[in-house]
J.: 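Mind looking over this structure? Questions follow.
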2 protein chains.
Amino acid sequence: MSSGGIHHLKSLEKGLALLEAFGPETQAMTLTELSQRCGFHISTVQRLTATLCRLGYLKRDHAKRYHLGLKVIKLGYRVTQSMALRTFLLPYLRDLFEEIDQTVNLFLLEGDEVVIVERIEKRQILQYNLHTGSGLPLYCTAAGKAILSHMEEEWVNAFLERVNFKAFTPHTLTTPQALKEALKVSREQGYAVNIQELALGACAVGVAFFDKTGIPCGAISAAAPAQFFNMEMVKRYLEPLKRTAGAASQFLGNHKD
Amino acid sequence: MSSGGIHHLKSLEKGLALLEAFGPETQAMTLTELSQRCGFHISTVQRLTATLCRLGYLKRDHAKRYHLGLKVIKLGYRVTQSMALRTFLLPYLRDLFEEIDQTVNLFLLEGDEVVIVERIEKRQILQYNLHTGSGLPLYCTAAGKAILSHMEEEWVNAFLERVNFKAFTPHTLTTPQALKEALKVSREQGYAVNIQELALGACAVGVAFFDKTGIPCGAISAAAPAQFFNMEMVKRYLEPLKRTAGAASQFLGNHKD
DNA sequence: TATAAGTTATCGTATTACGATAATGTTGTG
DNA sequence: CACAACATTATCGTAATACGATAACTTATA
């Protein structure tokens, strides 16, 4: 009984941890590699992989390396399909995209990051490796800062305690002071901007929306290349962004989730 | 020890089954609903949901209904990120999209269906609810028929035994005979077409690719609205499609997975 | 071919997940 | 408002199962 609640279903937790061990750098792993990476006994990994393979969540190649199976994608797809907010907002997002002709994102707060739940991407030379499911830090994204700016000070302070600032670019805010100041401005303005804080060349404007208890739980953002980004543009995007975020808040307020 | 292999990690299997219980029609479920739907004892469901909530795979709203959590999306995202073939093909697919200016799809065979692994969608009036992770039948998709057409006859016969034909449109092939004939033509041509067999107004051309053992394991397809679709178009798309599918086959041949 | 490393199979034991039941909380109805 | 019906949470003894050590076997490496 190590951590957390009273019910602990170990093998379920371990099985999911095993799936989470895979990533861009670890596409294929052998039994022992998995055992080492997860810190599980090799017998345990053997049982886990056997079960997961049988269910289609893992595949094994002829070199006895394990890969994630397609069942995992299908599972991920289930979420977007079974998310009322996303379904509701989809037409609004399409309208927003048509109106501003820039990449638009729907983010939801998940722990200490924002996760892309829907993204309509403008095709251009510079393509980002962002998709539904991508998790991004709060402190260097327009969506994240928009959410933070509406959080209670207590919450923000606790967040600042545990966050590990990383300078993705020279423009990334990496001190609690700098971030707090930026959040104050954002709060007053009702929107947040990200000017090349996460990636050079990438800018965005984000507006938060709120659940029925008034807590910011997500944001809509519009992204644009740095060379086209300016205050005039922000002003132009602001009204449609606020309209879309407002629709989200309203939906969450009426549909008691 | 009901079915399958010797190792059976029940709670892992049940936990994943629980997640799979969610879908467009079942976005939010209570404990007892989940218990009924999955056929698990309520105590079991209680343990499963507690564990999954703690791990972020489920969320519970104030009405005590469970929803899929964002962790599931993130997990799904892991697959596409950790799939060598997809990473390799992405630029080819972008080129293909530019060249033909139609929606292109990368499908992989998974059981008796094809799953979209990557999709570059042309924006147009008619938008389909298809995304990465969508699973589609083999017998009424260009990709599926392209794969089937290169399968050994034995395999196809076994498939025809177990498949449950459903007429999505009046054009859907719903008999083994009709399908077999179509597959014969496809095999000779080296590509398969889907003319409004899955959805009215939707057509596609698909070309299969092969793993290193020569078994067809996926397909590239190009989709177009029915009003624009004709033989001349197929001819125009064929060469770039074959080129892309060829790249996939070559990749799978060299990278021993 | 010899040696090491990795994978699969076996098995007794301690742990854990199971499901019945009871207690508590919630919702709907007269 | 009180009662009933239902749903959720907590408790607990037992049976089952997941655990991990070990051995047998297979595959890579020098």
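We name chains A, B, ... by the order of the sequence lines, and we start the count at 1 in each one.
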J.: For DNA chain D, find the residues of residues 29-41 of chain A with a heavy-atom distance under 4.0 Å and give them by number; none if there aren't any.
T.: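 Within residues 29-41 of chain A, the residues near DNA chain D are A:His41.
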
J.: Mind calculating the distance between CD1 (A:Ile42) and C1' (D:dA23) to the nearest angstrom?
T.: 14 Å

J.: Measure all distances between protein nitrogen or oxygen atoms and nitrogen or oxygen atoms of nucleotides 28-30 of chain D, and list the pairs falling under 3.5 Å.
T.:
none

J.: Quick one: side-chain contact (heavy atoms from CB on, under 4.5 Å) partners of A:Val117, sequence neighbours excluded?
T.: A:Met83, A:Arg86, A:Leu106, A:Leu108, B:Leu70, B:Ile73

J.: So, using side-chain contact (heavy atoms from CB on, under 4.5 Å) as the criterion, who are the partners of A:Lys14 when residues are at least two apart?
T.: A:Lys10, A:Phe40, A:Thr44, A:Leu48

J.: Please list all pairs meeting salt bridge (Lys or Arg N to Asp or Glu O under 4.0 Å) that have one or both residues in residues 157-168 of chain A, counting only residues at least two apart or in different chains.
T.: A:Asp112-A:Arg162

J.: Scan residues 132-142 of chain A for pairs that pass salt bridge (Lys or Arg N to Asp or Glu O under 4.0 Å), counting only residues two or more places apart or in two chains.
T.: none

J.: For B:Glu20, check salt bridge (Lys or Arg N to Asp or Glu O under 4.0 Å) against everything at least two apart and list the hits.
T.: A:Lys71

J.: Taking the side chain as C-beta and beyond, is there a heavy-atom pair between B:Asn157 and B:Glu154 under 4.5 Å?
T.: no

J.: Kindly say if B:Lys10 contacts the phosphate of D:dA18, meaning a side-chain N or O under 4.0 Å from OP1 or OP2.
T.: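 It does not, given that no N or O in the side chain of B:Lys10 lies less than 4.0 Å from OP1 or OP2 of D:dA18.
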
J.: Which residues satisfy the side-chain contact (heavy atoms from CB on, under 4.5 Å) test with B:Asn164, sequence neighbours excluded?
T.: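 B:Asn164: no side-chain contact (heavy atoms from CB on, under 4.5 Å) contacts found.
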
J.: Please check the phosphate of D:dT9 (OP1 and OP2 only) for any side-chain N or O of B:Arg60 closer than 4.0 Å.
T.: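 Indeed, a polar side-chain atom of B:Arg60 lies that close.
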
J.: Which sits closer to the 5' end of DNA chain D, A:Leu48 or A:Lys64, going by the nucleotide each is nearest to?
T.: A:Leu48

J.: Which pairs pass salt bridge (Lys or Arg N to Asp or Glu O under 4.0 Å) with one or both residues in residues 128-153 of chain B, sequence neighbours excluded?
T.: B:Lys145-B:Glu197, B:Glu153-B:Lys180

J.: Hey, what bend do you get for the helix from C:dT1-D:dA30 to C:dG30-D:dC1 if you fit axes on five pairs at each end, rounded to 10°?
T.: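 Answer for the end axes of this duplex: 50°.
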
J.: With sequence neighbours excluded, what pairs up with B:Arg119 under the side-chain contact (heavy atoms from CB on, under 4.5 Å) test?
T.: B:Thr103, B:Asn105, B:Ile116, B:Glu121, B:Tyr128, B:Leu130

J.: Got a sec, which pairs hit ring-ring contact (aromatic ring centres under 6.0 Å, His included) with one end in residues 137-157 of chain B, sequence neighbours left out?
T.: B:Tyr139-B:Phe165, B:His150-B:Phe210, B:Trp155-B:Phe159

J.: Which whole-number value in Å describes the distance from B:Gln46 CD to D:dC12 C1'?
T.: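 Taking atom C1' of D:dC12 as the reference, CD of B:Gln46 is at 13 Å.
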
J.: Would one find a side-chain N or O of B:Thr44 under 4.0 angstrom from OP1 or OP2 of C:dG19?
T.: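 Answer is yes, contact under 4.0 Å.
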
